[in-house]
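Source: prediction; values computed, not measured.
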2 protein chains.
Amino acid sequence: MAQSVSAGNQTYHHGDLRTALVDAASQRIEREGIAALSLRKLADDIGVSRSALYHHFRDKNALLNAVAARGFDQWLSMTQDRDQAQNIKAHERLKQFVHGYIRWAIAHPQLYDIMFGRPIWKHKLADEELKEIAFPAFQYMLNLISDWQQQGLLLQNEPALRQTQVIWATLHGLAKLIIDGVYDDSAHIDDMCNCAVAMLLSQHRET
Amino acid sequence: MAQSVSAGNQTYHHGDLRTALVDAASQRIEREGIAALSLRKLADDIGVSRSALYHHFRDKNALLNAVAARGFDQWLSMTQDRDQAQNIKAHERLKQFVHGYIRWAIAHPQLYDIMFGRPIWKHKLADEELKEIAFPAFQYMLNLISDWQQQGLLLQNEPALRQTQVIWATLHGLAKLIIDGVYDDSAHIDDMCNCAVAMLLSQHRET
DNA sequence: GCATTTAATTTGACACTGTCAAGATTAACA
DNA sequence: TGTTAATCTTGACAGTGTCAAATTAAATGC
């Protein structure tokens with residue numbers, strides 16, 4: 001009820017249950033976190049029986065994969081949107097990238113958790129689909145970082161791939177430590193981001 | 001049975017059940033991962049009833065806290081042991097630190113997950129004890145990094161605290177991405193560590 | 001040495017969970 | 001219209017964490 005199920009043409013038998021499930025799951029997760037996600041409550045939300053789900057997803061995990069995939073999509077388009085802006089110095093772009101990454105993660109903590117959670121990535125068996133969706137996100141980062149490297153912002157003597165992996169790790173680590181409550185002083189988040197930017201720059205110019 | 005319960009003086013009523021629980025939990029977690037940890041199986045392992053646990057821990061979460069606390073202890077002493085070695089250049093020490101951190105995390109992936117898992121840190125209510133144990137680990141890192149900064153290895157114009165936070169984030173991010181299977185090419189782990197070291201150094205000398 | 005208090009442990013029960021097999025219902029297609 | 005295939009439901013199973021009340025053993029006071 002009041003679910004975003006392309007209201008109206010409810011064919012009664014199945015009104016695109018698959019995306020309805022992903023919708024409902026995403027909402028509930030953003031609100032109450034992943035730990036509180038019960039398939040049965042989900043089914044209740046949509047008004048369908050508890051095991052209808054299994055005709056669209058092999059697993060609870062498969063459903064979470066779909067949620068995560070949507071997360072990567074969302075992240076990528078917000079990043080690309082931001083980078084549309086023109087007349088911005090490379091140095092400023094890098095700064096925006098770092099701050100933007102952390103800000104997005106903090107704004108969607110539960111989703112972020114699922115996107116990188118162990119159960120999803122650990123079993124290679126699971127979902128080539130997710131890899132195909134997450135890969136462009138990584139690729140986009142790699143391109144950005146290659147550019148910055150060529151412009152002399154970053155180190156020259158390390159491969160762009162490795163630097164991308166390390167920079168992503170830095171962002172991911174910051175995001176996780178903040179989200180998980182290890183770094184619990186939210187007043188200094190911007191400071192940490194700025195420090196990260198300063199440490200990345202090969203020239204170490206002043207901000 | 002065959003549990004490491006200071007065998008012998010089993011007072012039958014209670015033979016230090018608390019540490020026996022933490023022992024058994026640690027073992028089972030290292031072997032089968034946290035997802036497969038059931039309190040009831042745990043109780044069976046020790047030969048005690050399923051709810052005996054609740055007289056020593058408020059929660060399943062409280063038990064995990066104890067496991068995590070032990071992890072921080074373990075990490076700190078392995079780090080300190082390594083740093084006992086003398087006649088090592090600061091630059092080499094930094095390199096060892098990075099590689100050592102990642103190696104330890106990979107060697108104890110499940111334990112590492114618990115040490116930083118959300119449920120443990122999120123609710124401040126839970127366990128000041130854990131904070132008191134995790135803090136020295138952070139403090140130790142902070143000292144190391146302050147030294148390296150004073151020796152000119154790291155940036156001068158950023159506070160040591162911030163740099164520690166960022167460096168820890170880098171290590172944590174790397175560890176998590178590897179453990180969780182996002183970076184699944186284990187052949188390049190050392191390369192990533194070396195790249196991280198190179199990026200940290202303010203002088204960007206060649207390795 | 002016995003009685004009483006206190007701590008440790010167990011039993012029974014509750015409300016959940018994810019998942020599956022078998023049956024019912026509806027859409028799609030020939 | 002009749003048949004096939006997809007979709008959804010019901011009933012059930014084996015788990016889970018947690019709690020209240022009852023049981024047992026240790027510790028303490030006299």
>> Is A:H56 close enough to D:dC8 that one of its side-chain N or O atoms is under 4.0 Å from OP1 or OP2 there?
In response: yes
> In whole angstroms, how far is the C1' atom of C:dA22 from the NE2 atom of A:H55?
Replying inline: 11 Å
>> What is the distance, to the nearest angstrom, from the CD1 atom on A:I46 to the C1' atom on D:dT7?
In response: 14 Å
> Whole Å only: how far is the CG atom of A:L64 from the P atom of C:dG18?
Replying inline: 10 Å
> For DNA chain D, which consecutive runs of 3 or more Watson-Crick or G-U pairs (each distance under 3.5 Å) count as stems?
Replying inline: C:1-7 with D:24-30, C:9-30 with D:1-22
>> Between the side chains of B:R50 and B:D44, is the shortest nitrogen-to-carboxylate-oxygen separation below 4.0 Å, so that they form an ion pair?
In response: no
>> Go through it in stages, so that I can follow the logic: the residues are A:R70 and A:D23, the test is salt bridge (Lys or Arg N to Asp or Glu O under 4.0 Å), and I'd like the CA-CA distance, side-chain angles, deciding distance and then a yes or no.
In response: CA-CA 10 Å; A:R70 193 179 276 190; A:D23 282 351; 2.7 Å; yes
> Please give, in whole Å, the distance from C:dT25 C1' to A:L17 CG?
Replying inline: 15 Å
Pairs under 3.5 Å (N/O, protein and nucleotides 14-18 of chain D):
residue	atom	partner	partner atom	Å
D:dT16	OP1	B:S38	OG	2.9
D:dG17	OP1	B:L39	N	3.1
D:dG17	OP1	B:K60	NZ	3.0
D:dG17	OP2	B:L39	N	3.1
D:dG17	N7	B:R40	NH1	2.4
D:dG17	O6	B:R40	NH1	2.9
D:dT18	OP1	B:D59	OD1	2.9
D:dT18	OP2	B:Y54	OH	2.8
D:dT18	OP2	B:K60	N	3.2
D:dT18	O5'	B:Y54	OH	3.1

> What integer distance in Å separates A:D44:CG from D:dT9:C1'?
Replying inline: 13 Å
> Is the centre of the A:H172 ring less than 6.0 Å from the centre of the B:Y183 ring?
Replying inline: no
>> Suppose we screen for side chain to side chain contact (heavy atoms under 4.5 Å, CB included). Which residues come up paired with A:H55, at least two apart in sequence or across chains?
In response: none
> Please give, in whole Å, the distance from C:dT19 C1' to A:L63 CG?
Replying inline: 14 Å
>> Going by side chain to side chain contact (heavy atoms under 4.5 Å, CB included), name the residues that satisfy it together with B:A36, two or more places apart in sequence or in a different chain.
In response: B:E32
>> For B:R162, give me all partners under side chain to side chain contact (heavy atoms under 4.5 Å, CB included), at least two apart in sequence or on another chain.
In response: A:H188, A:D191, A:M192, A:C195, B:P159, B:Q165
>> Please tell me whether A:F116 and A:W121 form a close aromatic pair, meaning their ring centres lie under 6.0 Å apart.
In response: no
> Residues two or more places apart in sequence or in another chain: which of them pass side chain to side chain contact (heavy atoms under 4.5 Å, CB included) with A:A43?
Replying inline: A:V48
